[in-house]
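The block underneath contains the structure these notes are about, expressed in structure tokens.
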Amino acid sequence: MSYNPLYQRIWKTVNAIPVGYVSSYGKIADFAGLPGKARMVGKSLGYVPKELQVNWHRVLRSNGQLAFPKGSELALKQTGLLQEEGVAVLNNRVRMKEFEWHPDLATMLQGFEY
DNA sequence: TCCTTGACATTTT
DNA sequence: TAAAATGCCAAGG
């Protein structure tokens with residue numbers, strides 16, 4: 001079931017992250033109305049149709065670390081994209097204290113009401 | 001059922 | 001002390 005309304009909601013929530021900010025899988029899951037389903041978010045990002053544009057590179061782990069191994073090319077790509085957007089990435093790690101996305105209520109409601 | 005992926009806790013620097 | 005790295009556990013496809 002790759003074409004699931006839940007997935008679309010997750011992708012929508014991910015795309016709601018503004019440039020220059022990042023969020024965690026857990027937060028995305030929460031914002032998407034799927035508390036505790038962070039793994040589903042990670043899986044869904046892997047099932048995103050290539051024709052859709054999803055800001056997967058703005059989604060990190062709860063502790064700010066990238067979800068890919070440091071040597072992975074995806075990780076390097078993600079790092080590059082984030083840095084281009086103004087997010088400092090050091091050792092596959094992002095300062096959540098500085099770059100964590102603080103969504104407003106309206107944004108969250110958009111995800112819930114989708 | 002097994003594999004992949006994220007969170008949380010603990011330990012190290 | 002605080003921040004970062006590693007390991008273990010749980011959930012979903």
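So that the names make sense, note that chain A is the first sequence line, chain B the second, and so on, each numbered from 1.
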Using a 4.0 Å heavy-atom cut-off across all strands, classify Lys70(A) as base, sugar-phosphate, or nothing.
nothing
What integer distance in Å separates Leu45(A):CG from dT4(B):P?
17 Å
Can you tell me if the side-chain N/O atoms of Ser62(A) get under 4.0 Å from OP1 or OP2 in dC8(B)?
yes
Per atom distances to the Arg93(A) side chain, the nearest of dA11(C), dA4(C), dG13(C) is dA4(C)
Could you check how far NZ of Lys37(A) sits from C1' of dT5(B), rounded to whole Å?
15 Å
Which nucleotide in the list dT5(B), dA3(C), dG13(C) gets nearest to the side chain of Tyr7(A)?
dG13(C)
Rounded off to whole Å, could you give me the CD1-to-C1' distance for the Ile28(A) and dT5(B) pair?
16 Å
Heavy atoms only, 4.0 Å cut-off, all strands: where does Ala67(A) land among base, sugar-phosphate and nothing?
sugar-phosphate
From CG of Asn63(A) across to C1' of dG6(B) the rounded distance in Å is 10 Å
Phe68(A) and Gln78(A): which non-hydrogen atoms are nearest, and at how many Å?
CD1-OE1, 3.3 Å
Atom CG of Leu34(A) and atom P of dG12(C) are separated, to the nearest Å, by 10 Å
Which other residues end up in the same hydrophobic cluster as Val22(A), if Ile, Leu, Val, Met, Phe, Trp and Tyr are linked when side-chain heavy atoms come under 4.5 Å apart?
Leu60(A), Leu66(A), Leu82(A), Val87(A), Val89(A), Val94(A), Met96(A), Phe99(A)
Write down the distance between CG (Leu60(A)) and C1' (dA7(B)), rounded to a whole number of angstrom.
14 Å
Under a 3.5 Å distance rule, please check whether Trp11(A) uses its side chain to pair with a backbone N or O of Ser44(A) as donor and acceptor.
yes
Starting from P on dT4(B), measure out to CE on Met40(A) and report it in whole angstrom.
19 Å
So how far is it from Asn55(A) CG to Ser23(A) OG, rounded to the nearest 0.5 Å?
11.5 Å
Between atom CD in Glu100(A) and atom C1' in dA3(C), what is the gap in whole Å?
16 Å
Could you tell me which non-hydrogen atom of Pro35(A) sits nearest to which non-hydrogen atom of Asp30(A), and how far apart they are?
CB-OD1, 3.7 Å
Do the side chain of Lys43(A) and the base of dG13(C) come within less than 3.5 angstrom through a donor-acceptor pair of N or O atoms?
no
